[in-house]
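Here the structure is laid out as structure tokens; the discussion comes afterwards.
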2 protein chains.
Amino acid sequence: MEAAKHSPAQFQALLESKGLKYTYERKMIFDEVSHLKEHFDADSLYERFKGKGRRISRDTVYRTLPLLLESHVIQKSAGAGKREFFERIGRKGHHDHMICIKCGKIIEFQCEEIEKLQEKKAQEFGFKLTFHDHRLFGTCKDCQHG
Amino acid sequence: MEAAKHSPAQFQALLESKGLKYTYERKMIFDEVSHLKEHFDADSLYERFKGKGRRISRDTVYRTLPLLLESHVIQKSAGAGKREFFERIGRKGHHDHMICIKCGKIIEFQCEEIEKLQEKKAQEFGFKLTFHDHRLFGTCKDCQHG
DNA sequence: ATCCTATTCAGATTTAATCTTAATAGGATT
DNA sequence: AATCCTATTAAGATTAAATCTGAATAGGAT
Ligand SMILES: [Mn+2]
Ligand SMILES: [Mn+2]
Ligand SMILES: [Zn+2]
Ligand SMILES: [Zn+2]
């Protein structure tokens with residue numbers, strides 16, 4: 001049997017390490033994010049709490065997302081437009097994105113070697129890596145016609 | 001003797017390939033960007049044209065930057081706050097950035113291996129790479145105290 | 001000269017994200 | 001239990017980065 005898929009352990013650990021509390025609102029947000037399978041932005045997440053038991057303010061959502069990022073519950077993602085997108089780091093694990101500048105299509109890719117090189121480079125500078133944002137822009141197969 | 005440092009050739013080539021004109025404004029913007037040594041954002045670039053011969057509108061600046069990106073005259077960069085930052089790809093060549101989430105310090109790094117792996121990954125998907133944005137977030141040496 | 005299309009201008013508009021002020025929660029102290 | 005104290009949140013106002021709109025301009029083609 002697997003470990004619980006969406007354990008708040010890492011999140012709680014981060015909060016504790018920062019002297020922050022695992023409040024009702026942070027629980028709620030963690031929980032909502034945990035079962036999201038797709039890319040999402042802060043505002044759409046906020047909207048999800050409307051009509052649910054307790055209302056959660058937009059600001060609380062915006063303030064909680066960086067904490068979830070830092071605890072590796074979510075990662076930066078990619079989406080249409082200028083909004084910041086996120087996604088849960090689920091069973092498919094961490095990955096990065098290619099974005100077609102013509103049609104907006106988003107392709108996910110994984111590259112363990114790049115991840116390691118990143119870590120190595122950070123170490124060279126004495127930099128402690130917490131998360132990253134790696135996006136490749138260009139033209140997808142379908143948009144290269146010819 | 002070196003080739004002209006800030007030749008508009010690549011930029012002009014891109015414009016031509018897209019059926020766009022090398023207008024006075026695009027010339028001016030190219031020229032201004034060409035001698036910028038530091039990271040900059042769209043609005044600060046726009047401000048630079050105030051008090052110079054001809055006024056250039058904010059919109060023209062915003063519309064020209066993606067063209068400069070695509071022709072590899074500039075690259076995405078990193079800066080404080082939420083603005084998009086850019087910088088000329090000059091003699092130090094292409095590089096990426098680490099950003100300290102505590103003090104905001106920005107460290108530049110280069111990694112030829114990562115660049116190659118990126119290209120390889122793109123090819124796997126039939127994706128034609130034009131530019132990328134690779135930023136590492138974490139804590140710099142000075143901010144890890146202890 | 002007239003037409004035609006791409007481009008630019010100036011300023012209005014949009015809206016993602018942050019800020020402000022007051023209310024609330026919940027633990028510590030008496 | 002009542003009071004105090006600090007962290008946190010709510011609600012809505014505000015900011016400002018980027019885009020949009022509609023009119024003016026440039027410059028090539030006919
Ligand atoms: Mn993804
Ligand atoms: Mn740089
Ligand atoms: Zn495409
Ligand atoms: Zn730092």
Side-chain angles (χ1 to χ4, degrees), chain A residues 11-12 14-32 39-70 74 76-86 99 101 104 133 137, chain B residues 11-12 14-32 39-70 74 76-86 99 101 104 133 137:
Chain A
F11 184 41
Q12 282 176 292
L14 179 89
L15 293 177
E16 191 168 5
S17 83
K18 300 203 147 195
L20 303 173
K21 291 171 189 168
Y22 189 47
T23 63
Y24 173 86
E25 289 80 6
R26 287 173 179 151
K27 259 195 272 281
M28 290 290 283
I29 293 169
F30 171 85
D31 212 61
E32 191 67 30
H39 299 182
F40 65 90
D41 62 73
D43 223 63
S44 72
L45 179 57
Y46 162 67
E47 294 291 336
R48 289 183 148 264
F49 291 106
K50 295 197 170 169
K52 292 203 177 187
R54 192 140 127 204
R55 186 176 178 67
I56 297 205
S57 81
R58 185 191 313 277
D59 204 44
T60 297
V61 171
Y62 273 91
R63 278 183 291 102
T64 304
L65 285 169
L67 298 171
L68 289 169
L69 260 188
E70 211 175 333
I74 61 176
K76 289 210 181 198
S77 182
K82 59 195 160 179
R83 276 194 160 142
E84 278 251 54
F85 271 74
F86 305 90
I99 299 124
I101 57 183
D133 186 5
F137 295 88
Chain B
F11 184 41
Q12 283 176 292
L14 179 90
L15 292 176
E16 190 168 7
S17 82
K18 299 200 147 196
L20 303 173
K21 291 169 188 170
Y22 190 47
T23 63
Y24 173 85
E25 289 80 7
R26 286 173 181 151
K27 257 194 273 281
M28 291 289 283
I29 293 169
F30 171 85
D31 212 59
E32 190 66 31
H39 298 182
F40 64 91
D41 61 74
D43 223 63
S44 73
L45 179 58
Y46 162 68
E47 294 291 336
R48 288 182 148 266
F49 291 106
K50 295 198 171 169
K52 294 206 176 185
R54 193 142 125 203
R55 185 178 177 67
I56 298 205
S57 79
R58 184 193 312 278
D59 204 43
T60 298
V61 171
Y62 273 92
R63 276 184 292 102
T64 303
L65 285 169
L67 298 171
L68 290 169
L69 259 188
E70 210 174 334
I74 60 174
K76 290 212 181 197
S77 181
K82 59 194 162 180
R83 276 196 159 138
E84 278 251 55
F85 271 74
F86 305 90
I99 299 124
I101 56 183
D133 186 4
F137 296 87

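Just so it is clear: chains get the letters A, B, ... in the order the sequence lines come, proteins before strands, and each one is counted from 1.
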Checklist entry - Taking protein heavy atoms under 4.0 Å as touching, what does nucleotides 20-30 of chain D look like 5' to 3' if B marks base contact, S marks sugar-phosphate-only contact and - marks none? => result B----------
Checklist outcome for this item: 5'-most contact on DNA chain C (nearest-nucleotide basis), A:Glu84 vs B:Ile56, goes to B:Ile56
Checklist entry - On DNA chain C, nearest-nucleotide positions of B:Val61 versus B:Lys82: which is more 5'? => result B:Val61
Any [X] side-chain N or O less than 4.0 Å from OP1/OP2 of [N]:
X	N	answer
B:Arg26	C:dT7	yes
A:Arg63	D:dT9	yes
A:Tyr62	C:dT18	no
A:Ser57	D:dG12	no
B:Thr23	C:dA6	no

Checklist entry - What does D:dA13 pair with, Watson-Crick or G-U, if both distances are under 3.5 Å? => result C:dT18
Checklist outcome for this item: As its Watson-Crick or G-U partner within any shown strand, both distances under 3.5 Å, D:dA29 has C:dT2
Next on the checklist: Angle between ring planes, B:Tyr22 versus B:Phe11, binned at 30° and 60°: parallel, tilted or perpendicular?
Outcome noted: perpendicular
Item to check | Within 6.0 angstrom of A:Glu47 CD, more than 12 heavy atoms from elsewhere | outcome: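 Atom CD in A:Glu47 is crowded, with more than 12 foreign heavy atoms closer than 6.0 Å.
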Checklist entry - Does the pair A:Asp59/A:Arg63 count as a salt bridge with the N-to-O cut at 4.0 Å? => result yes
Next on the checklist: Salt bridge check, A:Lys82 against B:Glu84: does any charged N sit closer than 4.0 Å to a carboxylate O?
Outcome noted: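 No, this pair does not count.
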